[in-house]
Amino acid sequence: MNEFIYPYDINLNLAHIQTKLAEKVIKKDLSSNIDKVVGVDVSFSRDERAVAAAVIIQVKNLTIIEESTKEVEISFPYIPGFLGFRESDAVISVLNDLKHDYDAIMINGHGILHPRGFGLASQVGLFLDKPTIGVAKRLIVGNLKKGDESSDRSVLLHNKISGALVNGYYVSVGHKISLKKAVNLVKETSIFKTPEPIIKSHILATQTYKKIIKQ
DNA sequence: GCGACAG
DNA sequence: ATCTTGTCGC
């Protein structure tokens, strides 16, 4: 079953929506300091049942402030470039259950480092009107810029810097944050290779999924 | 036409 | 993403 053969006209419409919404993405810092960041991830199998997990972490000492999980329904297939339509509802749903507030959201997936500048992280950020950061293991678009000045390398998209490579992860602006601050936050929250908000939410989602769904 | 393609 | 045990290596 090839997910790539989703009705072409639907893809065109959704692609157009992404292109239009990408214009609304804010790529600079508006808020003050980011003290608390929440990581979110979704775990699922081949069916429509999935588990979304969120973990709020204090940036200062990387302690966990709150955790939340939620069983959700996934109805949209995985199509590269359209991950937002598959996972954003689940992500937003688990975030809405949190009691504590947070200053930024770290998401598994790209922000503006996307074919139409509107990845999952941007979609969630725009919808919730919150600062979001995209963190992904692999590129879907873009080229690594050679001749790096720091230890990190930049990722070029349409001849402009749209992301950065940090500890093997591609970081990009989701919404309402600068790339510089996004990169700093990823570094600040990294003890090991993977940023704490990302790995904590991933593990929580996976374990909860196995517990309540896979039984 | 061929290959690539976040999770 | 997920299906899956042992196993190679720092």
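Lettering of chains follows the sequences in order, A, B, ..., and the numbering in each one begins at 1.
Closest to the side chain of D41(A), out of dG7(B), dA1(C), dC5(B), is dG7(B). Proximity note for E87(A) (side chain, C-beta onward) versus dA6(B), dT2(C), dG7(B): the nearest is dG7(B). Considering only the side chain of N108(A), dG7(B) comes nearest among dT2(C), dA6(B), dG7(B).
The distance between atom OH of Y209(A) and atom P of dT2(C), rounded to the nearest whole Å, is 8 Å. At whole-Å resolution of the value, CD1 in I79(A) and P in dA1(C) are 18 Å apart. Put simply, CD1 on I140(A) is 5 Å from P on dA6(B), counting in whole angstrom units. Remark: P of dA6(B) and CZ of F44(A) are 12 Å apart, rounded to the nearest angstrom. Between Q18(A) atom CD and dC5(B) atom C1' the separation is 14 Å, expressed in whole Å. The distance from atom CG of L120(A) to atom P of dC5(B) is 19 Å, rounded to the nearest whole Å. When rounded to the nearest whole Å, the span between NE2 of H202(A) and C1' of dT2(C) equals 10 Å. The interatomic distance linking I107(A) (CD1) with dG7(B) (C1') rounds to 12 Å, in whole Å.
In this structure the side chain of K20(A) never reaches within 4.5 angstrom of the side chain of F118(A), judged on heavy atoms. Looking at E87(A) and F44(A), their side chains come closer than 4.5 Å, going by heavy atoms from C-beta outward. Residues S88(A) and L120(A) meet the side-chain proximity criterion, which asks for heavy atoms closer than 4.5 Å.
For the pair R138(A) and dC5(B), the criterion of a side-chain N or O lying under 4.0 Å from OP1 or OP2 is not met. Taking 4.0 angstrom as the limit, Y78(A) places a side-chain polar atom (N or O) nearer than this to OP1 or OP2 of dA6(B). Side-chain nitrogen and oxygen atoms of S45(A) include none within less than 4.0 Å of the OP1 or OP2 phosphate oxygen of dA1(C).
Residue contacts for G81(A): at a heavy-atom cut-off of 4.0 Å it reaches a base atom on one of the strands shown. If you check every strand for non-hydrogen atoms under 4.0 Å, F82(A) touches a base.
A cation-pi contact links R116(A) to F82(A), judged by a cut-off of 6.0 Å to the six-membered ring centre and 45° from its axis.
Rounding to the nearest 0.5 angstrom, the gap separating the OH atom in Y169(A) from the NZ atom in K193(A) is 6.0 Å.
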